[in-house]
Visitor: 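Pasting a structure here, questions to come.
Sequence lines set the chain letters: A, B, ... in the order given, protein chains first and strands last, and positions in each chain run from 1.
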2 protein chains.
Amino acid sequence: MPNTAVDIPISGGCANCPIRHKAVCARCEPDELARLEDIKYYRTVAAGQNIVWAGDRMDFVASVVAGVASLTQTMEDGRRQMVGLLLPSDFIGRPGRELARFDVTAVSETVICCFRRKPFEKLLVDMPHVQERLLEMALDELDAARDWMLLLGRKTAREKIASLLSIIAKRATLETKPLPGAPIEFDLPLTREAMSDYLGLTLETVSRQISALKRDGLIKLEGNRHVIVPDMKRLQAETGDDEFM
Amino acid sequence: MPNTAVDIPISGGCANCPIRHKAVCARCEPDELARLEDIKYYRTVAAGQNIVWAGDRMDFVASVVAGVASLTQTMEDGRRQMVGLLLPSDFIGRPGRELARFDVTAVSETVICCFRRKPFEKLLVDMPHVQERLLEMALDELDAARDWMLLLGRKTAREKIASLLSIIAKRATLETKPLPGAPIEFDLPLTREAMSDYLGLTLETVSRQISALKRDGLIKLEGNRHVIVPDMKRLQAETGDDEFM
DNA sequence: CGACATCTTGACTACAGTCAATACTAGTGG
DNA sequence: CCACTAGTATTGACTGTAGTCAAGATGTCG
């Protein structure tokens with residue numbers, strides 16, 4: 001069990017929660033936190049397990065505390081598209097919505113902090129700090145979705161892979177300050193199949209393009225999941241994006 | 001001038017504005033409207049003209065009052081992807097954001113109701129009705145973006161065209177109640193090129209697929225822009241979506 | 001009527017998808 | 001500790017869908 005996300009918060013209260021300052025509760029005052037605390041409970045979901053099925057009644061909303069989850073849409077014939085990649089602090093569900101619109105699946109073992117939906121909706125009305133933060137998060141996600149749409153609609157397979165690796169690299173180096181120019185290392189949180197769902201490709205194409213980037217010296221692999229990027233600039237240049245996105 | 005969107009509101013005040021009950025101001029009380037009225041002004045933009053360029057300083061946010069506008073992203077080599085289709089009542093810009101992230105272009109002649117950004121941001125804090133509505137609209141757009149991502153990533157060219165026609169047909173029949181089973185008619189607000197930007201296709205492929213749907217009797221054309229759908233169910237079946245989306 | 005935009009159609013190409021075989025990895029139990 | 005299995009990933013050969021380049025048709029507006 002190398003990746004034990006499980007015993008992270010669960011006790012200690014909101015004050016020492018790892019996502020305290022990034023999630024919907026980011027702007028809450030201590031007394032507001034107390035109200036949230038009343039209606040919250042933790043849930044741990046094993047890798048690969050579904051958290052919600054599209055069409056399900058949803059009696060809660062939640063924040064991802066640890067792990068990685070995905071939002072996906074599936075067509076009748078099995079074609080699948082990821083439409084959201086949920087990292088710690090990201091929000092699950094929608095206030096005011098009874099039925100889930102998308103599948104939510106734990107990609108790795110995931111801990112979520114659930115709030116019963118009805119009380120949460122009430123609380124939203126008289127805790128403007130939560131609503132404010134939720135609006136900000138929704139607008140951020142909308143921006144991300146729009147960049148993702150450019151990727152899906154117009155980028156080549158190679159550009160798609162380079163873009164995804166850049167996105168993951170960027171977030172991996174958010175905490176650990178990267179001295180610029182130095183090589184960057186990180187673990188892929190996604191299988192090849194999940195990557196293909198994210199990028200609108202087949203898993204074979206994902207595999208081929210990763211091999212091609214490796215051949216061209218843009219990345220190195222240690223095992224299948226650990227990636228080393230010797231020169232981030234060079235990888236960025238393959239994404240098709242304008243410099244500095 | 002068959003499609004004269006221009007002289008619609010401009011005078012008469014918010015009370016008889018056509019988007020009064022759908023835009024960000026939907027939930028405002030008369031006194032709140034008065035505050036909005038103080039900082040608003042109208043702007044008319046000719047078809048094809050840009051309202052905002054990506055990277056521009058933006059000193060306003062706005063609602064589309066009449067006409068159709070698009071949000072687009074362009075890559076250095078000219079590849080272009082539409083990432084938002086803005087109809088009356090839709091919102092332009094983002095509170096708190098200094099620089100525009102996307103191009104906004106008038107597809108047809110468009111009237112927008114602008115609010116100076118700084119005052120609007122202030123007003124957001126102490127008019128929860130506006131913030132509430134903005135959150136709701138952002139979440140709706142996020143849902144739409146996620147359906148759009150499925151279209152871009154996984155649908156065939158034929159399914160993409162059928163989906164777009166269904167979306168436009170649906171909104172065209174929102175006002176004029178459709179007796180179910182009856183043929184549906186509407187004008188396309190988009191050129192073939194704009195459709196290709198929306199769908200992540202080339203304009204030749206758009207043209208070919210429209211011809212194919214015509215050949216198969218799923219649609220009829222009168223001129224290039226006027227579409228007749230004899231049997232909506234049959235068109236829906238071509239979208240790849242589960243029934244009743 | 002003429003000129004320019006927009007749209008359609010055709011011939012050919014290329015990129016990513018499909019189907020299939022094989023390799024690698026990690027976890028399980030003898 | 002190694003053998004076995006199941007899941008994951010890579011590679012190859014071939015196909016098909018949508019892209020590209022180009023010509024011509026249709027539509028719109030002055």
Visitor: With the 90 degree cut-off around zero defining syn, does dA5(C) come out syn or anti?
Guide: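 You should classify dA5(C) as syn.
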Visitor: Does dT26(D) have a Watson-Crick or wobble partner in any strand here, with both distances under 3.5 angstrom, and which is it?
Guide: none
Visitor: Write down the distance between CD (Glu222(A)) and P (dT25(C)), rounded to a whole number of angstrom.
Guide: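 Glu222(A) atom CD is separated from dT25(C) atom P by 12 Å.
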Visitor: Scan for salt bridge (Lys or Arg N to Asp or Glu O under 4.0 Å) pairs involving residues 57-74 of chain A, sequence neighbours excluded, and state none if there are none.
Guide: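 Residue pairs passing salt bridge (Lys or Arg N to Asp or Glu O under 4.0 Å), neighbours aside: Arg57(A)-Asp59(A), Arg57(A)-Glu98(A).
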Visitor: With Ala162(B), which residues qualify under side chain to side chain contact (heavy atoms under 4.5 Å, CB included), at least two apart?
Guide: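 For Ala162(B) the side chain to side chain contact (heavy atoms under 4.5 Å, CB included) partners, ignoring immediate neighbours, are Leu235(B), Glu238(B), Thr239(B).
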Visitor: Please report, rounded to the nearest Å, how far the C1' atom of dC24(C) is from the CG atom of Leu221(A).
Guide: 13 Å
Visitor: Return the residues of residues 151-159 of chain A meeting this criterion: a heavy atom under 4.0 Å from some atom of DNA chain C. Order them by number, or give none.
Guide: Thr156(A), Ala157(A)
Visitor: Of the nucleotides dA18(D), dA9(D), dA16(C), which has the atom closest to the Gln209(A) side chain?
Guide: dA16(C)
Visitor: What does dA5(C) pair with, Watson-Crick or G-U, if both distances are under 3.5 Å?
Guide: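 When the pairing criteria are applied, nothing turns out to pair with dA5(C), so the answer is none.
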Visitor: I'd like a list of close polar pairs between nucleotides 23-28 of chain D and the protein, N/O only, cut-off under 3.5 Å.
Guide:
none

Visitor: Enumerate the ring pair (Phe, Tyr, Trp, His ring centres under 6.0 Å) contacts for residues 154-182 of chain B, please, sequence neighbours excluded, ordered by first and then second residue.
Guide: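 Of all non-adjacent pairs touching residues 154-182 of chain B, none passes ring pair (Phe, Tyr, Trp, His ring centres under 6.0 Å).
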Visitor: If only atom types and distance count, is the side chain of Arg171(B) paired as donor or acceptor with the main-chain N or O of Ser166(B) below 3.5 Å?
Guide: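 Pair absent, no side-chain N/O of Arg171(B) close to backbone of Ser166(B).
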Visitor: Tell me the interatomic distance from His226(B), atom NE2, to dT6(C), atom P, rounded to whole angstroms.
Guide: 21 Å
Visitor: For Asp140(B), which residues count as a salt bridge (charged side-chain N to carboxylate O under 4.0 Å, His left out) partner, sequence neighbours excluded?
Guide: Arg94(A)
Visitor: Can you tell me the distance, in whole Å, between the CZ atom of Arg79(A) and the C1' atom of dT18(C)?
Guide: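 One finds 14 Å between C1' of dT18(C) and CZ of Arg79(A), rounded.
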Visitor: Can you tell me how far the CG atom of Leu85(A) sits from the CG atom of Asp90(A), to the nearest 0.5 Å?
Guide: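 Here the interatomic distance stands at 8.0 Å.
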Visitor: Please identify each residue that fulfils ring pair (Phe, Tyr, Trp, His ring centres under 6.0 Å) with Tyr198(A), with sequence neighbours left out.
Guide: Trp148(A)
Visitor: What residues, two or more places apart in sequence or in another chain, satisfy side chain to side chain contact (heavy atoms under 4.5 Å, CB included) together with Ala138(B)?
Guide: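 In terms of side chain to side chain contact (heavy atoms under 4.5 Å, CB included), with neighbours along the sequence ignored, Ala138(B) is linked to Leu135(A), Ala138(A), Leu139(A).
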Visitor: Strictly under 3.5 Å: I want the nitrogen or oxygen pairs between protein and nucleotides 11-15 of chain D, one per line.
Guide:
from	atom 1	to	atom 2	distance (Å)
dT11(D)	OP2	Ser211(A)	OG	2.6
dG12(D)	N7	Arg208(A)	NH1	2.9
dG12(D)	O6	Arg208(A)	NH2	3.2
dA13(D)	N6	Arg208(A)	NH2	3.4

Visitor: Measuring from atom CG of Asp147(A) to atom CD1 of Ile167(A), what distance do you get when rounded to the nearest 0.5 angstrom?
Guide: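 Asp147(A) CG to Ile167(A) CD1: 8.0 Å, rounded to 0.5 Å.
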Visitor: Measure CG/Leu199(B) against P/dG19(D) and give the value in whole Å, please.
Guide: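 That distance rounds to 10 Å.
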Visitor: Which residue pairs satisfy the side-chain hydrogen bond (donor to acceptor under 3.5 Å, both in side chains) criterion with at least one member in residues 215-228 of chain A, sequence neighbours excluded?
Guide: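 Matches after skipping sequence neighbours: Arg158(A)-Asp216(A), Glu185(A)-His226(A), Asp187(A)-His226(A).
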Visitor: Quickly work out the Met195(B) CE to dC7(C) C1' distance and round it to whole Å.
Guide: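 It works out to 12 Å between those atoms.
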Visitor: Could you work out, with side chain to side chain contact (heavy atoms under 4.5 Å, CB included) as the rule, every residue matching Lys214(A), not counting sequence neighbours?
Guide: Ile219(A), Leu221(A)
Visitor: Without decimals, in angstroms, what is the distance between Glu193(A) CD and dA9(D) C1'?
Guide: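 Result: 11 Å.
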Visitor: Listed by chain and number, what are the side chain to side chain contact (heavy atoms under 4.5 Å, CB included) partners of Val45(A), not counting sequence neighbours?
Guide: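 Scan of Val45(A) (side chain to side chain contact (heavy atoms under 4.5 Å, CB included), adjacent residues dropped) gives Arg43(A), Gln49(A), Ile51(A), Ala106(A).
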Visitor: Just the rounded figure in Å: distance from C1' of dT10(D) to CG of Leu213(A).
Guide: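 Result: 15 Å.
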